[in-house]
Amino acid sequence: MTKTRREFLQFFGLSTLAISSVSGMSLLTSCSHSNVLSDSPNVLGSSPNITSLKNLGWSPIAPSLEDKLILSEGLEYSVLAKWQDQIGGTAKSPLRFGTHADFTSFIPFDASNPSEGILLVNHEYLKPLFVSGFANDNILKKTRAQVEAEIKTVGASLLHIKKENGKWSVVADSKHNTRFDGSSPIPIISQHPIAGSKIAFGTMANCAGGKTPWNTFLTCEENYDMYYGEWEKIPRGDARPVVKYHAKDFGWYQHFDRPPLHYGWVVEINPVTKKAKKITALGRFAHEGATCIKAKDGRTVVYMGDDDTNECIYKFISARADSLESGTLYVANTETGKWLPLTLDSHPDFKKVF
């Protein structure tokens with residue numbers, strides 16, 4: 001069955017107004033391997049996109065090999081934080097800004113004064129050569145000290161930022177600044193222990209994310225299998241799980257025995273209490289984003305995608321207002337235009353596996 005663009009958007013329950021309000025800016029913030037604007041239909045920013053940019057008053061930027069950030073005329077930037085900057089802690093135990101920043105989200109302290117608040121920054125990935133000095137093709141030769149250095153660079157940073165005289169900066173000594181990295185103990189919200197525990201150590205592969213209607217951050221664990229591998233199948237009885245490792249894994253499992261099932265979740269972070277929790281009700285997969293919409297009855301709907309080849313699009317509907325800890329997860333059947341509930345009673349094969 002072929003779906004038109006309009007039918008596809010209606011399927012997701014999105015209004016024309018909501019789409020049109022973000023279409024222009026989304027062209028500038030897309031997660032793509034190319035930032036080049038071109039008249040070629042095969043390059044991001046083909047003719048219709050360039051027209052849209054020109055209508056907004058911006059000119060397209062020609063490709064460049066210069067090692068610097070190049071902006072369209074009329075735009076400017078300043079650096080808030082960079083890798084290894086100390087954002088809190090003490091001289092003996094500093095909290096440092098992570099590497100490979102990805103998704104960002106801002107929550108003001110006061111909705112009526114959006115010039116001060118908390119900025120979440122994801123740290124999705126790392127380059128071992130720069131982070132730990134590891135430059136060997138044999139991952140088995142990575143030392144414990146090198147893994148520990150890498151663990152500290154991933155996860156997410158919370159920064160207290162403030163705008164003064166038209167310029168944003170980090171409030172360096174703020175009590176609100178904190179880090180969640182690959183060693184942070186984070187509760188797992190689940191009816192039953194997962195791989196024997198309700199505590200996960202660390203969050204990593206933090207790609208996109210979202211923000212809840214009650215002003216907490218959502219950070220998504222995407223390519224988690226690069227750190228501790230992935231179970232081939234769920235073991236039965238006393239059988240040990242068979243773990244499959246990524247072709248380009250980081251080898252952390254050599255020095256830290258972490259269950260793969262503790263990763264691949266959406267993590268909710270409260271910017272006020274500085275506490276995090278892994279929300280299992282939202283499903284476990286390579287999460288790319290968690291966009292929240294408040295339904296008319298007060299419950300929250302979360303739209304998510306699995307950022308892997310030939311994977312699925314999901315929708316979660318919370319069981320109650322102001323909480324994602326329970327509810328129903330659905331998968332999209334884009335052929336029939338229906339959402340299919342992922343519950344134990346919805347498909348006979350589920351009970352054979354779970």
Side-chain angles (χ1 to χ4, degrees), residues 1 11-13 186-201 203 205 210 212 218 220-246 253 257-268 277-293 295 297 299-354:
M1 175 184 289
F11 169 56
F12 283 97
I186 302 176
I188 304 172
I189 306 302
S190 172
Q191 290 184 339
H192 308 284
I194 294 180
S197 178
K198 280 197 169 185
I199 298 290
F201 285 93
T203 181
T212 67
L218 299 177
C220 298
E221 297 177 339
E222 188 191 14
N223 297 315
Y224 56 87
D225 57 333
M226 298 182 70
Y227 300 84
Y228 297 110
E230 177 63 295
W231 281 10
E232 289 271 53
K233 60 181 180 179
I234 299 175
R236 294 293 185 183
D238 296 330
R240 288 188 60 82
V242 177
V243 180
K244 180 181 179 181
Y245 297 105
H246 195 281
Y253 48 82
D257 184 17
R258 308 292 191 212
L261 265 66
H262 283 188
Y263 311 99
W265 308 105
V266 173
V267 182
E268 182 178 359
K277 54 187 177 183
K278 299 202 176 190
I279 310 294
T280 61
L282 294 177
R284 180 175 180 266
F285 48 87
H287 283 274
E288 182 68 72
T291 299
C292 297
I293 297 175
D297 63 3
R299 294 182 298 167
T300 299
V301 182
V302 187
Y303 292 94
M304 301 168 287
D306 187 333
D307 196 8
D308 206 342
T309 304
N310 297 321
E311 290 298 339
C312 301
I313 300 168
Y314 298 90
K315 175 178 75 172
F316 173 81
I317 301 179
S318 67
R320 53 193 175 91
D322 297 344
S323 174
L324 300 178
E325 294 189 7
S326 62
T328 303
L329 183 66
Y330 298 82
V331 65
N333 185 329
T334 55
E335 291 295 317
T336 63
K338 294 182 179 180
W339 288 104
L340 307 179
L342 295 175
T343 61
L344 284 177
D345 296 328
S346 64
H347 198 288
D349 286 344
F350 285 178
K351 290 185 178 181
K352 297 178 183 178
V353 179
F354 299 100

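To the nearest 0.5 Å, atoms CZ (R299) and CG (D322) are separated by 13.0 Å. The CD atom of E325 sits 5.0 Å away from the CD1 atom of I279 when rounded to the nearest 0.5 Å. Between the NZ atom of K315 and the CH2 atom of W339 there is a distance of 6.0 Å, given to the nearest 0.5 Å. Taken to the nearest 0.5 Å, the OG1 atom of T280 stands 11.0 Å off from the CG atom of L324. For the atom pair CD1 (I293) and CD1 (I317), the distance works out to 11.0 Å, reported to the nearest 0.5 Å. One finds the OG atom of S197 at 5.5 Å from the CD1 atom of I188 (value rounded to the nearest 0.5 Å).
Taking the six-membered ring wherever Trp is involved, the centroid distance between the rings of Y228 and Y263 falls below 6.0 Å. Aromatic ring centres of Y253 and Y227 lie farther apart than the 6.0 Å criterion allows.
Counted by atom type alone, Y224 and E230 present one or more donor-acceptor pairs between their side chains at under 3.5 Å.
More than 12 heavy atoms of other shown residues, nucleotides or ligands fall within 6.0 angstrom of atom NZ in K198. Around the CG atom of D297, the shell of radius 6.0 Å holds more than 12 heavy atoms that belong to other residues, nucleotides or ligands. Atom CD of Q191 has 12 or fewer heavy atoms from other residues, nucleotides or ligands within 6.0 Å.
Here H347 pairs with F350 under the ring pair (Phe, Tyr, Trp, His ring centres under 6.0 Å) rule; sequence neighbours left out.
The pair E221-K278 meets the salt-bridge criterion, since a charged nitrogen lies less than 4.0 angstrom from a carboxylate oxygen. With salt bridges taken as basic N to acidic carboxylate O contacts below 4.0 Å, one links D345 and K351.
Using a distance-only test at 3.5 Å, with no hydrogens or angles considered, a donor-acceptor pair links the side chain of S318 to the main chain of T300. At distances below 3.5 Å, at least one donor-acceptor pair connects side-chain atoms of S346 with backbone N or O atoms of T343. A donor-acceptor pair is defined here as one N or O able to donate and one able to accept, closer than 3.5 Å; no such pair exists between the side chain of D308 and the backbone of E311.
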